[in-house]
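Here the structure comes first, spelled out in structure tokens, and everything after it is commentary.
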Amino acid sequence: MDHFLYRDGVLHAEDVPLSEIARAVGTPFYCYSTATLTRHFRLFDEALDGMDHLVCYAMKAASNQAILRTLAGLGAGMDVVSGGEYMRARAAGVPGERIVFSGVGKTRDEMRLALEGGIRQFNVESEPEMRALSEVAVRLGVVVPITVRVNPDVDAKTHAKIATGKSENKFGIPISRARAVYAEAAALPGLEVIGIDVHIGSQLTELEPFRQAYRKVADLTEQLRAEGHDIRRLDLGGGLGIPYTRSNEAPPLPTEYGALIRETLGHLGCEIEIEPGRLVAGNAGILVSEVIYVKEGEGRDFLILDAAMNDLIRPAMYDAHHDIVPVVEPAPGVEQTAYDVVGPVCESGDTFAKGRMMPPLAEGDLVAFRSAGAYGAVMSSEYNTRPLIPEVLVHGRDFAVIRARPTFDEMINRDTIPEWL
Ligand SMILES: *Cc1c(COP(=O)(O)O)cnc(C)c1O
């Protein structure tokens, strides 16, 4: 459920008509709903009620500091995957002891940054990383709590580009080698082994892969404890999928996911961490765009928008579907037409949808891409020297620009001309 609904014939974000925001900031823009972010975070938090737990929002999904601060205010920790994300979380006011550092290729500089600034734990993904982290910690005179990310070799049954838990994926260490790796970790002076980490992929629409992975984590917990490791924290990753269409999909609910965690791991008495990203932010954000032209093609009509693949790359990158709806509510029973919905960028891949049935639209009409809150703005670029588009956060009747559109001068002046030119 989200808070983007038609009211008085206009799509609203909470209590604000999107047409009003469009007039104020221009199109295209991203718009997030505080009430939806809050609701989704609380669903996870409540799903783990009664278990010692921390929900660490995977901030790579949508990392604007206003979003981070909203979630941190509700008690969220953060899962970061780079030094930049660590600094951004800290700038948003998140204390180091609520930040978990994940990622397959952390550099020594990134390790130093987080160790100096304070960190809850590192999720280590390889033996060389483990040794490097120990060295950096020893040099700084600290001991760093770690989990090791294990790759449980389960099929997450999701898009190949976002599956991470099969043995052919680059993530984690094979679970079959876990005992040897833990033995080495325990012997390294800069590390304190406290738990196990697993994350098998994103946009999972079934619970079964989680069940398989978490059972393996439960077995491993018992084996490692028997070998003398004090396993007391389990980081279970993110990955729960969201409905991208109103109609057919119904991914498992956070409550069902929470029940699965209790069932597979509850008896171990560990502190539980989860790292949802998409489910917190995905349906809490939309992308609003204006129709520039409607062009008649050969056997098809093109809806040419002012948003493009550089603003929302998911359709080009993952063949992702986004519902696209008019901001002005169509009259009931209006006859729909098929459009190829495209952006202005010079790539055929700059196509959001083909043969999409929509009410008839005209130049100047506004449309909204639903479910664009996660992996939307964060993956945008300035390709074609198109400015990064504004981000707006709505809170009841209020809205604020939380990232402004840069001017052409700001963009162009980032280049510097060498003196020999
Ligand atoms: C991307 C990622 C997540 C979040 O995944 P979602 O599908 O957005 O919930 C969590 N943990 C790690 C380690 C990740 O890389």
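When a ligand or atom number is given, it counts from 1 through the structure's own listing order. Quick note: numbers below take in every heavy atom, side chains included, and nothing from hydrogens, waters or symmetry partners.
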Self-check item: Audit row: Asn384, Asn310, side-chain hydrogen bond (donor to acceptor under 3.5 Å, both in side chains) steps and yes/no
Solution: CA-CA 8 Å; Asn384 282 206; Asn310 68 298; over 6 Å; no

Quiz item: Does Asp79 have a heavy atom less than 4.0 Å from any atom of ligand 1?
Solution: yes

Quiz item: Would Phe171 count as a contact of ligand 1 if the rule is a heavy atom under 4.0 Å away?
Solution: no

Counting from 1, what ligand 1 atoms have a heavy atom of [X] closer than 4.0 Å?
{"X": "Pro276", "result": "9 (O)"}
{"X": "Ala58", "result": "3 (C), 4 (C), 10 (C)"}
{"X": "Tyr375", "result": "1 (C), 4 (C), 5 (O), 6 (P), 8 (O)"}

Determine, considering heavy atoms only, which of [options] sits nearest to [atom].
{"atom": "atom 9 (O) of ligand 1", "options": "Ala281, Gly201, Gly239", "answer": "Gly239"}
{"atom": "atom 5 (O) of ligand 1", "options": "Arg278, His199, Glu125", "answer": "His199"}
{"atom": "atom 14 (C) of ligand 1", "options": "Glu275, Arg149, Met59, Lys60", "answer": "Lys60"}

Quiz item: Which word best sums up how the rings of Phe44 and Tyr257 line up, parallel for under 30°, tilted for 30 to 60°, or perpendicular for over 60°?
Solution: perpendicular

Exercise. Identify the residue among Glu256, Glu206, Glu263 that makes a salt bridge (Lys or Arg N to Asp or Glu O under 4.0 Å) with Arg211.
Key: Glu263

Practice problem: Before giving the answer on salt bridge (Lys or Arg N to Asp or Glu O under 4.0 Å), spell out for Asp219 and Lys216 the whole-Å C-alpha distance, their side-chain angles and the decisive distance to 0.1 Å. | Solution: CA-CA 5 Å; Asp219 290 346; Lys216 290 189 179 187; over 6 Å; no

Self-check item: Distance from atom 7 (O) of ligand 1 to nearest protein heavy atom, with residue and atom
Solution: Ser202 OG, 2.3 Å

Quiz prompt | Passing option when Phe369 is tested against Asp311, Val325, Leu287 for side-chain contact (heavy atoms from CB on, under 4.5 Å) | solution = Leu287

Quiz item: Is the shortest distance from a Lys or Arg side-chain nitrogen in Glu129 or Lys106 to a carboxylate oxygen in the other one below 4.0 Å?
Solution: yes

Self-check item: Distance-only N or O hit between ligand 1 and Ser102, under 3.5 Å
Solution: no

Quiz item: Is it the case that Glu347 and Tyr383 place a side-chain donor and acceptor less than 3.5 Å from each other?
Solution: yes

